[in-house]
**Q** 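Can you keep this structure in mind? I'll have questions shortly.
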There are 2 protein chains.
Amino acid sequence: MARLQRQIVETMTQSRGLKMTPQRRAIIDYLQSAHDHPTADEVLQMVNRKFPMTSRATVYNTLNWLKQEGMVKEVFEAGCVRYDPNTEHHHHFVCRKCGKVEDVERNVIGKVKICSLPESQKVEVFEVTLRGLCANCQKKR
Amino acid sequence: MARLQRQIVETMTQSRGLKMTPQRRAIIDYLQSAHDHPTADEVLQMVNRKFPMTSRATVYNTLNWLKQEGMVKEVFEAGCVRYDPNTEHHHHFVCRKCGKVEDVERNVIGKVKICSLPESQKVEVFEVTLRGLCANCQKKR
DNA sequence: ATCTCAGTTTAGATTTAGTCTAAGCGCCGA
DNA sequence: TCGGCGCTTAGACTAAATCTAAACTGAGAT
Ligand SMILES: [Mn+2]
Ligand SMILES: [Mn+2]
Ligand SMILES: [Zn+2]
Ligand SMILES: [Zn+2]
């Protein structure tokens, strides 16, 4: 499944006994057409242009529902900032269950080759985030 | 520079005409000993155990100052959540100046080899974040 | 046509992370 | 002893996100 499509969502709602309302339609249409990474507030602004008086709660409800269904993803972590006393260039492993962030030393990740990136973007650094289950969360099955 | 060390900070403060106070010492000592990625609130809690009545403002001031000096780094992005209608497995380029997040298709990043990761951690997915200057911000020099 | 009810939307209250402010403190040097 | 500068503090403030309770909607059931 590549991109959010209203039609897919439309049929999905029915099979779950949910309703496709005008507000939801507007939110999904906007996301479908967006080729960047909008914030909840940007969604609210844009949807209100076409369908005034849509509430913040509805936008968040819909985004969270779409997220649960895997129709949109969050970019990067939600939540508050974490500080890293290790300023060496290194990477991270994030547990999808308990959220713990562990260091992954630089040499654990082999060379990362970047091919065919548009000339226009100048990459200065990169970081790799591994995701999965940490040792603890695996034990607890 | 690998890890935050109080001694280095201590000499640095002097050369900048700044003062090493007990509060700052406590914050830095805690960070120095931390082998995870504490939040500002965790720092506040821990510091208050040893040095009660340290204020939130002082913790944030110190963390932001250490960040500016490159003595700690933020893990992942600050700020609010962005939603991605593209659920295909792909990567991102983040402009360090304007903060814009652009897609980097999966095939742009060559195979990423993960060597010698502790057996205990099970990696399910990974993502690469490239950082630098976007086309626009380069033009504006 | 009217009733009912589950699901939805809404405005506004609440929570949480983080910043800002203004008043007071403490050290150092004149 | 005094003045001043930088530091700390409590609390006000802001912004992102969640929660709540009341009103709304529309698809059956009567
Ligand atoms: Mn780290
Ligand atoms: Mn993306
Ligand atoms: Zn875990
Ligand atoms: Zn830019």
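All figures in this text were calculated on a predicted structure; none of them were measured in a lab. Within every chain, numbering begins at 1; the chains are lettered A, B, ... in the order of the sequence lines, protein sequences first and strands thereafter.
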**Q** Given a cutoff of under 4.5 Å between side-chain heavy atoms of I, L, V, M, F, W and Y, with clusters grown through shared members, what are the other residues clustered with B:V94?
**A** A:V75, A:F76, B:V101

**Q** What is the distance from CG of B:L63 to C1' of D:dT8, rounded to the nearest Å?
**A** 15 Å

**Q** Determine the interplanar angle of the B:H90 and A:H37 rings, folded into 0 to 90°, and report it as parallel if under 30°, tilted if 30 to 60°, perpendicular if over 60°.
**A** parallel

**Q** With side-chain contact (heavy atoms from CB on, under 4.5 Å) as the criterion, how do B:E74 and B:K67 come out once you've worked through the C-alpha distance, each side chain's angles and the decisive distance to 0.1 Å?
**A** CA-CA 8 Å; B:E74 292 185 350; B:K67 189 172 69 183; 2.7 Å; yes

**Q** Figure out the CG/C1' separation between B:N61 and D:dT9, and round it to whole Å.
**A** 11 Å

**Q** Between A:K97 and B:E124, does any side-chain N to carboxylate O distance fall below 4.0 Å?
**A** no

**Q** Using a 3.5 Å distance criterion without hydrogens, assess whether the side chain of A:N48 forms a donor-acceptor pair with backbone atoms of A:T54.
**A** yes

**Q** Using a 4.0 Å heavy-atom cut-off, write out nucleotides 13-20 of chain D from 5' to 3' as B (base contacted by protein), S (sugar-phosphate only) or - (no contact).
**A** ---SBBB-

**Q** Does anything in residues 21-31 of chain A reach DNA chain C, meaning a heavy atom under 4.0 Å, and if so which residues?
**A** A:T21, A:Q23, A:R24

**Q** Sequence neighbours excluded, which residues qualify as ring pair (Phe, Tyr, Trp, His ring centres under 6.0 Å) partners of B:H89?
**A** B:H91, B:F126

**Q** Grab the CH2-P distance between A:W65 and C:dG7 for me, whole Å please.
**A** 14 Å

**Q** Of all the choices, C:dG7, D:dT9, C:dA11, which nucleotide is nearest to the side chain of A:K19 once you look at every atom?
**A** C:dG7

**Q** Give a yes/no answer on whether the side chain of B:T58 brings an N or O atom under 4.0 Å of OP1 or OP2 in D:dT9.
**A** yes

**Q** Hey, what else clusters with A:V125 if you join Ile, Leu, Val, Met, Phe, Trp, Tyr whenever side-chain heavy atoms sit under 4.5 Å?
**A** none

**Q** Could you tell me the separation between the CG atom of B:N48 and the P atom of D:dA10, rounded to a whole number of Å?
**A** 9 Å

**Q** Linking directly or through intermediates, with side-chain heavy atoms under 4.5 Å: list the remaining ILVMFWY members grouped with A:L133, chain and number order.
**A** none

